[in-house]
Protein chains: 2
Amino acid sequence: MFSKATEYALRATIFLAQKSSEEKKIGIEEIALAIDSPRPFTAKILQQLTRDNKVVSSARGPQGGFFIPVKVKKLPVHVVLEAMNEDEILEKCVMGLKLCSETRPCPLHAQYKTIKNQLITLFTTKTIQQLADEIQDGVVFIRNKKS
Amino acid sequence: MFSKATEYALRATIFLAQKSSEEKKIGIEEIALAIDSPRPFTAKILQQLTRDNKVVSSARGPQGGFFIPVKVKKLPVHVVLEAMNEDEILEKCVMGLKLCSETRPCPLHAQYKTIKNQLITLFTTKTIQQLADEIQDGVVFIRNKKS
DNA sequence: CTAATTAAAGACAAATTTATCCTTAATTAT
DNA sequence: ATAATTAAGGATAAATTTGTCTTTAATTAG
């Protein structure tokens with residue numbers, strides 16, 4: 001569904017939301033290890049998420065690293081998709097028709113629409129914080145490895 | 001969601017299901033024009049759909065072209081995804097976790113699961129014929145251009 | 001102030017997807 | 001048989017995505 005870049009972005013964001021804070025920043029090494037993603041590529045992605053501090057914030061130097069401000073944790077996960085320029089995926093026609101719409105629907109439009117709406121609702125109502133909390137509670141996982 | 005190749009495959013399949021038959025084959029030129037896709041790339045995709053006559057059938061020479069046998073029209077659209085090797089998209093974890101499952105769910109698993117199930121149901125219950133019929137009825141469209 | 005640490009930025013490389021083109025093979029009509 | 005038509009197949013190219021590496025800039029600790 002999403003690109004690898006966006007998958008990594010979602011994992012990194014939720015991981016940071018759970019583990020980091022303004023006082024406890026986390027380095028790229030630890031992040032890439034935790035979410036099992038290629039280190040340099042993940043760095044690029046975090047850089048993108050850091051643009052204008054839109055999703056992630058960062059600080060250089062010793063004790064530096066990445067973190068997610070409390071204010072951002074309260075935002076819907078959808079902001080990650082926006083920052084990665086992949087929020088359109090949730091909107092577009094399954095068959096790739098440019099003109100697909102209510103008045104000119106593709107053959108799958110009517111049924112896909114309701115599914116699409118649930119997807120959009122999911123990403124716009126669940127906050128980053130809410131997802132991170134579940135990891136804290138131990139009911140879900142973000143690591144991609146056995147350990 | 002799907003690759004361009006699969007989007008073209010879905011459009012071409014439904015177009016052929018509506019317009020073609022064993023007696024009335026359709027050439028690549030007409031197909032690419034109808035679904036507004038790059039001609040040579042579409043040829044490659046049809047070639048793939050033709051492997052083992054799994055979805056599309058073809059005949060060379062004058063009056064040759066592509067068509068979909070009646071038997072295939074009764075199959076679910078899912079067969080197109082399978083032929084394009086993209087049926088996994090419906091199954092995989094939204095966050096890209098290899099180990100995501102009921103017993104080791106990602107933070108979005110529980111909610112995404114129900115959406116995923118609807119997607120799978122849609123593609124496994126709707127037949128190629130059913131979607132083509134709607135075009136015939138004029139309630140939906142497959143062409144990607146104004147005309 | 002200096003050295004160490006860490007992210008930012010940009011150039012580069014590999015892999016995959018998308019797309020084109022040319023030759024070959026099969027079929028049909030004459 | 002021959003010529004015309006059409007898909008099959010393979011080589012190639014362009015674009016995008018994924019990934020790496022090296023240098024620079026900022027910050028902090030000593």
Side-chain angles (χ1 to χ4, degrees), chain A residues 1-12 16 20 22-33 35-69 81 83-86 88-89 96 144, chain B residues 1-12 16 20 22-33 35-69 81 83-86 88-89 96 144:
Chain A
M1 164 132 230
F2 298 119
S3 66
K4 284 206 188 284
T6 294
E7 289 176 354
Y8 297 152
L10 287 168
R11 304 222 292 270
L16 281 174
S20 79
E22 178 96 44
E23 297 77 39
K24 186 174 178 270
K25 309 183 184 77
I26 299 184
I28 182 62
E29 189 70 51
E30 188 180 344
I31 297 169
L33 210 74
I35 68 172
D36 187 32
S37 61
R39 210 188 65 83
F41 190 40
T42 307
K44 279 283 171 231
I45 291 160
L46 283 171
Q47 225 172 91
Q48 191 175 348
L49 292 174
T50 307
R51 294 276 153 74
D52 314 312
N53 289 344
K54 219 179 167 248
V55 178
V56 173
S57 294
S58 66
R60 300 191 209 187
Q63 307 313 312
F66 298 91
F67 67 99
I68 300 197
L81 305 185
M84 299 300 295
N85 298 311
E86 289 211 356
E88 288 245 321
I89 286 183
N144 205 15
Chain B
M1 165 133 231
F2 298 118
S3 66
K4 283 203 188 288
T6 294
E7 289 176 354
Y8 298 151
L10 287 168
R11 304 222 291 271
L16 281 173
S20 79
E22 178 96 43
E23 297 77 40
K24 185 174 178 271
K25 308 183 185 77
I26 299 184
I28 182 63
E29 189 72 51
E30 187 179 345
I31 297 170
L33 211 73
I35 68 171
D36 186 33
S37 61
R39 209 187 67 82
F41 189 40
T42 307
K44 279 285 170 232
I45 291 160
L46 282 170
Q47 224 173 92
Q48 192 175 347
L49 292 175
T50 308
R51 295 275 155 74
D52 314 312
N53 288 343
K54 217 178 168 253
V55 178
V56 174
S57 294
S58 67
R60 301 193 209 186
Q63 307 313 312
F66 299 91
F67 67 99
I68 300 198
L81 305 185
M84 300 299 296
N85 298 311
E86 289 212 357
E88 288 245 323
I89 286 184
N144 204 15

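Sequence lines set the chain letters: A, B, ... in the order given, protein chains first and strands last, and positions in each chain run from 1.
Atom pair Phe67(A):CZ and dT6(C):C1' shows a separation of 14 Å (rounding to whole Å applied). At whole-Å resolution of the value, CG in Asn85(B) and C1' in dT18(C) are 16 Å apart. The separation between Ile28(B) atom CD1 and dC22(C) atom C1' is 16 Å, rounded to whole Å. One atom, CZ of Arg51(A), and another, P of dA8(C), lie 9 Å apart when rounded to the nearest Å. Counting to the nearest Å, the P atom of dT27(D) and the CZ atom of Arg60(A) are 7 Å from each other. Across the protein-nucleic acid pair, Ile26(A) atom CD1 and dT5(C) atom C1' stand 17 Å apart, rounded to whole Å. Across the protein-nucleic acid pair, Glu7(B) atom CD and dT17(C) atom P stand 14 Å apart, rounded to whole Å. Per the geometry, CD belonging to Gln63(B) stands 7 Å off P belonging to dT6(D), to the nearest Å.
Among the heavy atoms of the strands, none lies under 4.0 Å from Ala43(A). Note on Leu46(B): nothing from the nucleic acid sits closer than 4.0 angstrom, heavy atoms only. Nucleic acid contact class of Ile45(A) (heavy atoms, under 4.0 Å, all strands): none.
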Evaluate the side-chain contact (heavy atoms from CB on, under 4.5 Å) criterion for residues Val55(B) and Gln48(B): first the C-alpha distance (whole Å), next the side-chain angles of each, then the deciding distance (0.1 Å), finally the verdict.
CA-CA 9 Å; Val55(B) 178; Gln48(B) 192 175 347; over 6 Å; no
side-chain contact (heavy atoms from CB on, under 4.5 Å), that's the test. Do Lys24(A) and Phe67(A) meet it? Break it down for me.
CA-CA 7 Å; Lys24(A) 186 174 178 270; Phe67(A) 67 99; over 6 Å; no
Ile89(A) and Thr6(A): side-chain contact (heavy atoms from CB on, under 4.5 Å), yes or no, with the steps?
CA-CA 11 Å; Ile89(A) 286 183; Thr6(A) 294; over 6 Å; no
Worked verdict on Thr50(B) versus Ser58(B) for side chain to side chain donor-acceptor pair (under 3.5 Å):
CA-CA 7 Å; Thr50(B) 308; Ser58(B) 67; 4.6 Å; no
May I have the step-by-step check of side-chain contact (heavy atoms from CB on, under 4.5 Å) for Leu81(A) and Glu88(A), ending in yes or no?
CA-CA 9 Å; Leu81(A) 305 185; Glu88(A) 288 245 321; over 6 Å; no
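For Glu86(B) (side chain) and Ser3(B) (main-chain N/O), a donor-acceptor pair under 3.5 Å exists by modelled atom type.
Listed candidates were dA8(C), dT28(D), dA7(D). Nearest to the side chain of Phe66(B) is dA7(D). Distances from the side chain of Pro62(A) to the nucleotides dA8(C), dG9(D), dT5(C) place dT5(C) closest.
Note on Ser58(B): every side-chain N or O is 4.0 Å or more away from OP1 and OP2 of dT6(D).
For Arg39(A), the side chain to side chain contact (heavy atoms under 4.5 Å, CB included) criterion is met by Ile28(A), Glu29(A), Ala32(A), not counting sequence neighbours.
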Once base and sugar-phosphate atoms are separated, protein heavy atoms under 4.0 Å mark nucleotides 10-23 of chain D, 5' to 3', with B, S and - as BB------SBB---
